[in-house]
Amino acid sequence: MNTFGQRFKVTTFGESHGSGIGCVIDGIPAGLRIDKKYIQTELNKRKPGLNGYSTSRKESDEVEILSGVFEGFSTGAPITLFVKNQNQKSKDYESIKDIFRPGHADMTYFYKYGLRDHRGGGRSSARESAARVAAGAIAQQMLKELGIEVLSGVCSVGDILGENFDFEYAKTSEIYALDKQKEDLQKKLILSIKKTYNSIGGMVLLKIQNVPIGLGEPLYHKLDGELAKAMMGINGVKAVEIGEGANASKLTGNQHNDQITHEGFLSNHNGGILGGISTGQDIDIKIHFKPTPSIFLPQSTIDVQKNELTLNLKGRHDPCIAIRGSIVAKHMASLVMADMILLHMNSTMSGVKKFYIK
Ligand SMILES: Cc1cc2nc3c(=O)[nH]c(=O)nc-3n(C[C@H](O)[C@H](O)[C@H](O)COP(=O)(O)O)c2cc1C
């Protein structure tokens, strides 16, 4: 139950305060150039402790490639990536061992499994998302060879909504902000919320460019369905919108339809996907992250014996998970796109014949 994808298959392992986290990727075609430095660059963008806008947990998140790569190329064997945990402070969690933190997975894990690793949230911690980023960075290397680019950035923090989006600018921003004009306000909001021991939600935009027509496996593995599932699988995500998204329900047919000319579509309200298959336009997705559940204000909760109590949390936390979440979203989308490409190769006889050896 820890595996994602059908052809580009990623199994992640590890916990927040265990010895480390990692993944095994199976199904990568042999001969893909694997640049370890690129995996590291992407991990560095997600890693904690980068600045005052993320958690102060310090992890170097250095990746090791344990298998599947020979002289810089994939061999077709499973690729194993491993990142050591270095900065666990398990003692911070000792006092809340039997307490369910509001907004966290403590209660559901306990009732589902009958036990739980309370240290930093164990498996439910977003520390696991480092493994997703490492795997996604390999998927990105495959997509790059095909000219497909996956971009992400933070659109809104609380009610401060970006209006002009610059994905190149977001790469350089401390909070991966898409709108340079709104960035300062968004930063100020994060810091002021942090000062009041609270947290704030945020929305991330994802754009996938240079997508060929035809990716997606209707009816049960539609491209939009797979992307939405991947995004909802990220910790803290509460809603995903494709193209016009929730706004579509307010529109009329002539407002929403993307009319077609011999030169292509006149608009992109459908977000680059029709019938679960890519149209060749950009794929546009909005991802809504909830406020970080760990806040330092008194909260009512219960313990494993159902005793009511007031919880006063301590520890190190992201004030706004959308920031580092934007990097995770980019890599989850890359995993989906790589998987869909490998699935698509088998969807027509001409695709199959390409691999027929006489
Ligand atoms: C990149 C990233 C970083 C996160 N950092 C924190 C954090 O520092 N503190 C926290 O309480 N939750 C954090 N979360 C969110 C929790 O992991 C998540 O809300 C919790 O496990 C419950 O899962 P759910 O919100 O998906 O229901 C983070 C999520 C992501 C994606």
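Just follow the structure's listing: the first ligand is 1, and inside any ligand the first atom is 1. None of these values were measured; they are calculated from a predicted model.
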* Nearest-contact summary for atom 28 (C) of ligand 1 - protein heavy atom, Å -> I321 CG2, 3.3 Å

* Structure fact -> A student comparing S124, S125, S129 should find that the heavy atom closest to atom 21 (O) of ligand 1 comes from S124

* Asked: Would one find an N or O of R316, backbone or side chain, under 3.5 Å from an N or O of ligand 1?
  -> no

* Asked: Which protein non-hydrogen atom lies closest to atom 10 (C) of ligand 1, naming both residue and atom, and how far is it?
  -> T292 CG2, 3.2 Å

* Just distances here: any N/O of K238 and N/O of ligand 1 closer than 3.5 Å? -> no

* How about H317 and F296: are their ring centroids closer than 6.0 Å? -> yes

* Decide if atom CZ of F73 counts as having more than 12 heavy atoms of other residues, nucleotides or ligands within a radius under 6.0 Å. => yes

* Can you tell which of H331, K47, K37 makes a side-chain hydrogen bond (donor to acceptor under 3.5 Å, both in side chains) with E42? -> H331

* Close-contact set for ligand 1 against R324 heavy atoms, below 4.0 Å -> 1 (C), 3 (C)

* Asked: In the protein, which heavy atom is nearest to atom 23 (O) of ligand 1, and how far is it?
  -> G236 N, 4.3 Å

* Structure fact -> Under 4.0 Å from one or more heavy atoms of S294, ligand 1 contributes atoms 10 (C), 11 (O)

* Asked: Should N235 be counted as touching ligand 1, given the test is an N or O pair under 3.5 Å?
  -> yes

* Salt bridge present between E163 and K182 (N-O < 4.0 angstrom) -> yes

* Take L178 and D166 through the test side-chain contact (heavy atoms from CB on, under 4.5 Å) and record every step on the way to the result. => CA-CA 5 Å; L178 286 164; D166 183 341; over 6 Å; no

* To do: Report yes if some N/O of D318 lies less than 3.5 Å from some N/O of ligand 1; otherwise report no.
  => yes

* To do: May I ask whether P48 places a heavy atom under 4.0 Å from ligand 1?
  => no

* Return yes if a side-chain donor-acceptor contact under 3.5 Å exists between T348 and S350, otherwise no. => yes

* Hey, does the side chain of N270 reach the backbone of I273 with a donor-acceptor pair shorter than 3.5 angstrom? -> no

* Distance filter under 4.0 Å to P293 heavy atoms, resulting ligand 1 atoms -> 10 (C), 11 (O), 12 (N), 19 (O)

* Structure fact -> Atoms of ligand 1 under 4.0 Å from any heavy atom of K290, numbered from 1 in the order shown, are 19 (O), 24 (P), 25 (O), 27 (O)

* Is D26 paired with K9 through a side-chain N to carboxylate O contact shorter than 4.0 Å? -> no

* Asked: Under 6.0 Å from the CD atom of E145, do we count more than 12 heavy atoms belonging to anything else shown?
  -> yes

* With atoms numbered from 1 as shown, which atoms in ligand 1 lie under 4.0 angstrom from a non-hydrogen atom of G103? -> 22 (C)

